[in-house]
*Asks:* 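Here it is: the structure, laid out below.
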Amino acid sequence: MSESTKYNAAEVEPRWQQVWAEADIYRAEDSSDKPKFYALEMFPYPSGRIHMGHVRNYAMGDVVARYKKAQGFEVLHPMGWDSFGMPAENAAIATDGHPKDWTYNNIDEMRAPMQRLGFALDWSREFATSDVAYYKTQQQIFLKFWENDLVYRKTAKVNWDPVDNTVLANEQVIDGKGWRSGATVEQRDMDQWFFKITNYAEELLEGLDGLDRWPEKVRTMQANWIGKSEGLQMRFEWAVPNGEKRPLVENYPLSGDVYTNLELDWHDDFTTALNNHPDGIEVFTTRPDTLFGASFVAISPDHPIAKNMFETTARVEDFILECQKIGTSEEAIAQAPKLGFDTGLLVQHPFDESITLPVWIANFVLMGYGTGAVFGCPAHDQRDLDFARKYGLPVTPVVLPEGEDAATYDVGTEAYTGEGKLFNSSFLNGLNKSKGIKTAIHKISEMGLGEGVTQYRLRDWGVSRQRYWGCPIPVIKCESCGSQPVPEDQLPVELPYDINFDKPGNPLDRHPTWKTEGVTCPKCGEAAERETDTLDTFADSSWYFAAFGGSLDQDGNLDWEAASKWLPVDQYVGGVEHAVLHLLYARFFTRGLRDCGLLDLPSGEPFAGLFTQGMVTHAVYTDEDGDYVLPEDVIEDGNQLLRIGTKSIVTKGDVIKMSKSKKNVVDPDEIIKGYGADVARWFVLSDSPPERDVEWTESGVIGAWRFSKKVWNVVSATTATDGPLSVATDAKGDALELRKLAHRAMENITAGIEAFRFNTSVAQIYELTNALNKYKGQDAARLEALGILIRAIAPFMPHLAEECWAKLGGEGLVYHAPWPEVDSKMLVDDTITLPLQVNGKRRGELNIAKDLPKDEIEKLAMADEGVQRAIGDGTVRKVIIVPGRIVNIVAS
RNA sequence: GCGGGCGUGGUGGAAUUGGUAGACACGCAAGACUUAAAAUCUUGUUCUGGCAACGGAGUGCGGGUUCGAUUCCCGCCGCCCGCACCA
């Protein structure tokens with residue numbers, strides 16, 4: 001083969017990319033008559049480099065986008081940048097630069113390699129979330145949400161880093177210390193803005209049922225996150241004292257210390273509690289059936305009653321401070337030993353006047369869930385049991401498991417939470433769990449002490465961040481009028497460029513003029529201050545898909561009608577790490593936008609189909625000094641690995657997600673240079689199922705590269721010239737076999753793409769290519785099969801497909817070519833191979849006519865040599881013939 | 001602790017209404033071409049006995065249902081992921 005006919009990706013790929021760009025073929029038309037298809041991948045953060053994870057993510061979306069285009073859909077497949085966030089600020093601090101310059105330089109650096117990958121993207125709709133036009137629109141949305149009662153302000157606990165002077169997200173707190181400063185993080189109450197996502201708790205939960213093209217896993221995670229539970233909210237009224245002090249539990253361990261001789265002024269505490277909370281203590285429970293097993297009431301250290309006592313009683317203060325020392329990480333809290341403090345207060349049991357229950361402050365009760373107070377039923381709740389055993393509180397079983405005797409039944413160290421008959425429970429005796437719950441709720445309601453309620457674990461979304469590089473919250477704070485929305489005509493509230501990071505904290509807060517100069521209260525006109533907090537960047541990614549649909553321009557114009565037309569996204573592709581936060585926030589946002597009248601999207605669902613792809617992994621290499629070595633710096637020398645340069649022996653370690661810190665990364669741009677974009681794309685889709693991780697290996701890439709050459713060679717070896725849309729209707733013999741194979745392969749390729757099982761489509765493409773490689777004829781059947789092959793490959797390797805299409809004399813671009821139609825007549829064979837089993841083991845096979853009658857089949861089967869040998873002296877008991885499938889002979 | 005998922009050759013993985021287990025690829029081995037290498041092509045490759053013909057075993061382990069189970073049911077074991085004192 002001469003040089004000129006070799007496939008040269010480095011020359012071919014840029015050439016076609018230019019053709020595509022000049023013809024503007026990826027522009028999506030809002031007004032098209034065709035059915036719409038919106039394909040979207042989670043947009044990237046502009047870190048400065050694209051990595052293999054991006055390649056895999058966008059390659060998957062691109063397969064779907066191109067496939068749907070070939071099927072006649074008007075496809076929207078856009079790209080943009082999730083460009084606000086902390087890394088830009090950190091980089092600015094580290095390099096003495098500016099977050100904005102850093103961000104936009106990175107975007108420019110990433111766009112080019114992304115375009116070299118040849119994705120079918122409509123770049124005309126590109127934007128970055130840090131564009132003024134984008135965050136101006138986001139400020140409008142914030143104000144709309146405010147108008148519609150979806151935004152509010154309240155004081156809430158936050159993680160405060162006292163060195164960096166900023167709030168940290170939970171993920172940024174590592175072992176109770178700030179991830180950057182290393183300082184011990186404090187819990188601090190701060191004024192924060194919140195989005196009322198809890199308004200939609202029920203709708204967000206119910207909506208999950210309709211998302212049948214979402215992974216089960218993600219739906220379950222969201223359902224758990226929303227955490228609906230039904231139960232009873234009721235109050236325990238104070239047990240009025242008779243002037244006598246109740247004996248307190250005197251000796252109890254508190255982090256190793258033993259406190260004795262408590263000197264609580266019980267009476268003062270009681271008076272305070274009674275005055276501030278005259279009705280008693282509200283609790284929430286899902287097990288009101290176990291009320292007769294209650295032996296105490298526990299309140300959170302953050303409960304208002306505990307806080308009152310914190311003010312008045314030194315011992316309570318000690319205790320609460322002790323609780324706070326445990327740390328803030330969820331895991332630390334979950335594993336912390338149970339701590340309790342007996343307040344001396346008493347409440348009345350609702351069903352039995354003679355019973356009073358002590359009120360404890362307990363560290364395992366969370367203020368953020370329910371009412372921040374519970375009743376403890378040790379026999380039937382593990383936490384309550386641990387607590388009761390530690391502090392010597394009574395344990396009264398009230399649910400009798402089947403087979404146990406009421407007289408002798410006792411829980412040991414394991415609380416019983418299962419089904420059973422109620423006992424020791426007065427009017428509830430004999431009822432089962434659900435009946436008992438209903439009856440107890442009914443009774444409490446009758447008594448006016450409470451009612452059945454539904455609780456959610458989901459909390460409102462705190463969105464205030466003390467950060468510069470984010471969307472400014474469009475609010476003016478006035479001393480006399482409070483927080484006021486920035487008037488519409490004053491938007492955008494633009495970020496000032498002249499800031500500095502020489503001190504920790506938020507540069508907006510100490511900017512010489514931005515906060516106050518010319519800022520007046522929109523209501524009273526007096527001098528006022530800007531809100532200096534910016535919005536959580538998760539807000540940015542909660543509606544960007546609508547901005548693509550509505551073609552947001554640089555003046556901030558957004559066509560909400562067009563956005564409504566494109567939504568929902570038909571196929572969304574991204575990492576499973578966003579299963580809860582991003583994907584839940586976006587579902588909230590679209591509902592908010594709908595209810596504010598901006599989006600016409602009755603379901604409120606932004607993503608009709610979701611696919612969560614696996615990661616790209618690579619082995620980690622370490623040299624003799626224990627330093628990580630880049631894969632490209634490792635060479636094979638005999639049976640050992642060496643580091644280029646130092647010749648240090650290299651050890652191959654675990655195969656894990658590519659990460660810069662472990663240096664187990666391969667730069668996509670280097671692969672594009674060495675093998676071409678098509679090869680990179682093909683490889684990340686070829687071997688592993690899309691939802692699983694794929695290991696990047698040199699040999700795998702070379703395999704993909706060989707395959708691309710093979711396709712080109714098959715095309716180059718073709719001299720027939722009728723074009724790739726040929727149909728060989730009168731093919732016979734080998735030609736007919738090739739046709740059948742091509743159509744069967746096509747059937748499976750389509751099914752693979754539809755089911756997001758690209759690896760199986762790839763296998764079918766291999767098979768078809770191998771068959772074509774062997775096929776010697778230069779006829780219509782060859783051309784037909786080639787036409788099918790090239791169009792099937794086009795979504796995966798578009799450059800190679802375009803080049804082959806042109807070489808075969810295809811009209812126009814393969815991008816515009818229709819998806820191959822499968823001729824169903826080609827899928828059925830006249831003769832079939834029928835496996836023969838004896839007692840379920842394969843003993844032979846039969847080549848017979850497809851519609852041979854059963855009795856004929858049985859005769860032939862019984863005559864088979866292998867079958868006879870297997871039966872031997874045995875007697876045939878039964879012959880099972882499944883037409884077209886199998887024959888099984890039962891013999892003994 | 002709760003929830004979800006997964007266990008198939010040397011490796012990645014096929015076999016989605018219970019019907020030939022191992023498609024396709026990687027790797028490996030042998031051969032062809034070549035002075036040689038690379039590239040390419042051909043053949044073989046679950047384990048095991050056998051020169052072969054032909055057998056035996058086999059989808060994490062143990063049971064069950066069935067003419068027939070990777071697939072369905074029960075009980076274990078192991079790994080991964082998510083949530084985690086949510087009352």
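Values below: every heavy atom of this structure, side chains too, minus hydrogens, waters and symmetry copies. Remember, it's a predicted structure, so these values are computed and weren't measured experimentally.
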*Asks:* Verify the neighbour count for atom NZ of A:K740: are there more than 12 heavy atoms of other residues, nucleotides or ligands below 6.0 Å?
*Replies:*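 Count over threshold, so yes.
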*Asks:* With a sphere of 6.0 Å drawn around CH2 of A:W705, does it hold more than 12 non-hydrogen atoms of other residues, nucleotides or ligands?
*Replies:*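 12 or below, so no.
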*Asks:* On a whole-Å scale, what distance lies between the C1' atoms belonging to B:C61 and B:C77?
*Replies:*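 Per the computed distance, 7 Å lies between those C1' atoms.
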*Asks:* Heavy atoms under 4.0 Å, any strand shown: does A:R219 hit a base, just sugar-phosphate, or nothing?
*Replies:*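 No contact at all - A:R219 keeps every heavy atom at 4.0 Å or more from the nucleic acid.
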*Asks:* Just how far, in rounded Å, is P of B:C86 from CG of A:N224?
*Replies:*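 Distance, rounded to whole Å: 13 Å.
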*Asks:* From the options B:C86, B:C24, B:A21, select the nucleotide whose nearest atom is closest to the side chain of A:E767.
*Replies:*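 Nearest nucleotide to the side chain: B:C24.
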*Asks:* Find the distance A:K841:NZ to B:G68:P and express it as a whole number of Å.
*Replies:*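 Value for this atom pair: 11 Å.
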*Asks:* I'd like the P distance from B:G56 over to B:A21, given in whole Å.
*Replies:*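 Taking atom P in both B:A21 and B:G56, they lie 13 Å apart.
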*Asks:* Look at all strands and tell whether A:V283 reaches a base, only sugar-phosphate, or nothing, counting heavy atoms closer than 4.0 Å.
*Replies:*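 Since no nucleic acid heavy atom lies under 4.0 Å of A:V283, the category is nothing.
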*Asks:* Using a cut-off of less than 4.0 Å, is there contact between a side-chain N or O of A:T697 and OP1 or OP2 of B:U11?
*Replies:*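 No, no such contact exists.
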*Asks:* Return the nearest nucleotide to the side chain of A:A763; candidates are B:U20, B:C86, B:C24.
*Replies:*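 Nearest listed nucleotide: B:C24.
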*Asks:* Taking only residues two or more places apart in sequence or in another chain, which ones pass side chain to side chain contact (heavy atoms under 4.5 Å, CB included) with A:V694?
*Replies:*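 Partners of A:V694 by the side chain to side chain contact (heavy atoms under 4.5 Å, CB included) criterion, ordered by chain and then number, come out as A:R56, A:V616, A:S688.
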*Asks:* Of the nucleotides B:C86, B:U42, B:C85, which has the atom closest to the A:N363 side chain?
*Replies:*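 For the A:N363 side chain, the nearest candidate turns out to be B:C85.
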*Asks:* Describe the nucleic acid contact of A:V890 in one word from base, sugar-phosphate, nothing, applying a heavy-atom distance below 4.0 Å.
*Replies:*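 Sugar-phosphate, backbone atoms only, no base.
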*Asks:* Give a yes or no on whether a donor-acceptor pair under 3.5 Å exists between the nucleobase atoms of B:C80, that is its base, and the side chain of A:R692.
*Replies:*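 Per atom types, no contact qualifies.
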*Asks:* Are side-chain N/O atoms of A:N847 and A:T831 paired as donor and acceptor at under 3.5 Å?
*Replies:*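 On atom types as modelled, these side chains do not qualify, holding no pair under 3.5 Å.
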*Asks:* Under 3.5 Å, side-chain donor or acceptor atoms of residues 754-762 of chain A against the rest of the protein: list the pairs with distances, not counting sequence neighbours.
*Replies:*
residue	atom	partner	partner atom	Å
A:E754	OE2	A:Y67	OH	2.5
A:T760	OG1	A:R757	O	2.7
A:S761	OG	A:I749	O	2.9
A:S761	OG	A:I753	N	3.4

*Asks:* Calculate the interatomic distance between A:R885 atom CZ and B:U17 atom C1'; express it in whole Å.
*Replies:*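 In whole Å, B:U17 C1' lies 9 Å from A:R885 CZ.
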*Asks:* OP1, OP2 of B:A14 versus side-chain N and O of A:N759: anything below 4.0 Å?
*Replies:*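 Yes.
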*Asks:* With rounding to the closest Å, how many angstrom separate the P atoms on B:U70 and B:G22?
*Replies:*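 Roughly 12 Å separates the two P atoms.
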*Asks:* Tell me whether the centres of the aromatic rings in A:F538 and A:W461 are closer together than 6.0 Å.
*Replies:*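 Aromatic pair excluded; centres sit 6.0 Å or further apart.
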*Asks:* Report yes or no: is there a donor-acceptor pair, N or O only, under 3.5 Å between the side chain of A:K217 and the base of B:C81?
*Replies:*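 In this structure, the two groups form no donor-acceptor pair.
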*Asks:* Which whole number of Å gives the distance between the C1' atom of B:C51 and that of B:G58?
*Replies:*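 Between the two C1' atoms, the distance is 25 Å.
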*Asks:* How many Å lie between CD on A:Q868 and P on B:A53, as a whole number?
*Replies:*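 Taking atom P of B:A53 as the reference, CD of A:Q868 is at 21 Å.
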*Asks:* Counting heavy atoms not belonging to A:D209, are there more than 12 under 6.0 Å from its CG?
*Replies:*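 Check passes, neighbour count above 12.
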*Asks:* Are OP1 or OP2 of B:C67 and a side-chain N or O of A:R877 less than 4.0 angstrom apart?
*Replies:*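 Answer is no, no contact under 4.0 Å.
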*Asks:* Would you verify whether the NZ or CZ of A:K338 falls within 45 degrees of the ring axis of A:F364 while also being under 6.0 Å from that six-membered ring's centre?
*Replies:*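 A:K338 over A:F364 ring: yes.
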*Asks:* Any donor-acceptor pair under 3.5 Å joining the side chain of A:R383 to the base of B:A87?
*Replies:*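 Such a pair is found, so the answer is yes.
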*Asks:* A:E845 has a side chain; which of B:U20, B:A39, B:A87 sits nearest to it?
*Replies:*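 So the side chain of A:E845 is nearest to B:U20.
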*Asks:* Check the phosphate of B:U16 against A:R757, side-chain N and O only, distance under 4.0 Å to OP1 or OP2. Yes or no?
*Replies:*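 A:R757 to B:U16 OP1/OP2: no side-chain N or O under 4.0 Å.
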*Asks:* Which nucleotide in the list B:G27, B:G13, B:C83 gets nearest to the side chain of A:S699?
*Replies:*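 Per side-chain heavy atoms of A:S699, the pick is B:G27.
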*Asks:* Hey, which sits more toward the 5' end of RNA chain B by its nearest nucleotide, A:P689 or A:W705?
*Replies:*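 Between the two, 5'-proximity favours A:P689.
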*Asks:* Which of the following nucleotides, B:U42, B:U20, B:C85, is nearest to the side chain of A:K338?
*Replies:*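 Nucleotide nearest to A:K338's side chain: B:C85.
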*Asks:* A:R842 CZ to B:A21 P: how many Å, rounded?
*Replies:*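 About 7 Å, once rounded to whole Å.
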*Asks:* Taking the six-membered ring for Trp, are A:F796 and A:W682 closer than 6.0 Å centroid to centroid?
*Replies:*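 Yes, the ring centres sit under 6.0 Å apart.
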*Asks:* Counting just side-chain N and O atoms, does A:N773 come under 4.0 Å of either OP1 or OP2 of B:U40?
*Replies:*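 The answer is no; no side-chain N or O of A:N773 sits under 4.0 Å from OP1 or OP2.
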*Asks:* What distance, rounded to whole Å, do you find between the two C1' atoms, one in B:C6 and one in B:U71?
*Replies:*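 Nearest-Å result for B:C6 against B:U71 at atom C1': 15 Å.
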*Asks:* Please give the distance between the C1' atoms of B:A15 and B:U46 as a whole number of Å.
*Replies:*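 After rounding to an integer number of Å, I get 16 Å for this pair.
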*Asks:* A:K710 NZ to B:C24 P: how many Å, rounded?
*Replies:*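 Taking NZ of A:K710 and P of B:C24, I get 11 Å after rounding.
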*Asks:* Would you mind calling B:G9 syn or anti? Take O4'-C1'-N9-C4 for purines or O4'-C1'-N1-C2 for pyrimidines, and syn is within 90° of 0.
*Replies:*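 B:G9: syn.
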*Asks:* Ignoring the backbone of A:T220, work out which of B:C86, B:G4, B:U20 is nearest its side chain.
*Replies:*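 Selected nucleotide: B:G4.
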*Asks:* OP1, OP2 of B:A25 versus side-chain N and O of A:Y766: anything below 4.0 Å?
*Replies:*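 No, because none of the side-chain N or O atoms of A:Y766 sits under 4.0 Å from OP1 or OP2 of B:A25.
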*Asks:* Can you tell which of B:C86, B:C85, B:G19 lies closest to the side chain of A:I886?
*Replies:*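 In terms of side-chain proximity for A:I886, the closest of B:C86, B:C85, B:G19 is B:G19.
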*Asks:* Quiz question: by atom type and distance under 3.5 Å, do the side chains of A:Q233 and A:E451 form a donor-acceptor pair?
*Replies:*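 No, no side-chain donor-acceptor contact under 3.5 Å.
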*Asks:* Which helical stems does RNA chain B take part in, if a stem means at least 3 consecutive Watson-Crick or G-U pairs with both distances below 3.5 Å?
*Replies:*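 Counting only runs of 3 or more consecutive pairs, the stems involving RNA chain B are B:1-7 with B:77-83, B:10-12 with B:24-26, B:27-32 with B:40-45, B:46-49 with B:54-57, B:60-64 with B:72-76.
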*Asks:* Rounded to whole angstrom, note down the P distance from B:U59 over to B:G4.
*Replies:*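 Each nucleotide's P atom is 27 Å from the other's.
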*Asks:* With a 3.5 Å cut-off and no angle check, do the side chains of A:Q382 and A:D386 form a donor-acceptor pair?
*Replies:*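 Yes - a donor-acceptor pair under 3.5 Å links their side chains.
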*Asks:* With RNA chain B as reference, determine whether A:S229 or A:D687 sits nearer its 5' end, using the nearest nucleotide of each.
*Replies:*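 Closer to the 5' end of RNA chain B: A:D687.
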*Asks:* Need one value for A:N839: base, sugar-phosphate or nothing, where a base atom within 4.0 Å counts as base even if backbone is also close, heavy atoms only.
*Replies:*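 No contact at all - A:N839 keeps every heavy atom at 4.0 Å or more from the nucleic acid.
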*Asks:* Please report the distance separating the P of B:A30 from the corresponding atom of B:G63, rounded so that it comes out in whole Å.
*Replies:*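 Looking at atom P only, B:A30 and B:G63 are 42 Å apart.
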*Asks:* Return the value, rounded to whole Å, for the distance between atom CD of A:Q837 and atom P of B:G68.
*Replies:*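 After rounding, the gap between these two atoms is 10 Å.
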*Asks:* In whole Å, I'd like the distance from the CG atom of A:L385 to the P atom of B:G1.
*Replies:*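 Nearest whole value for this atom pair: 16 Å.
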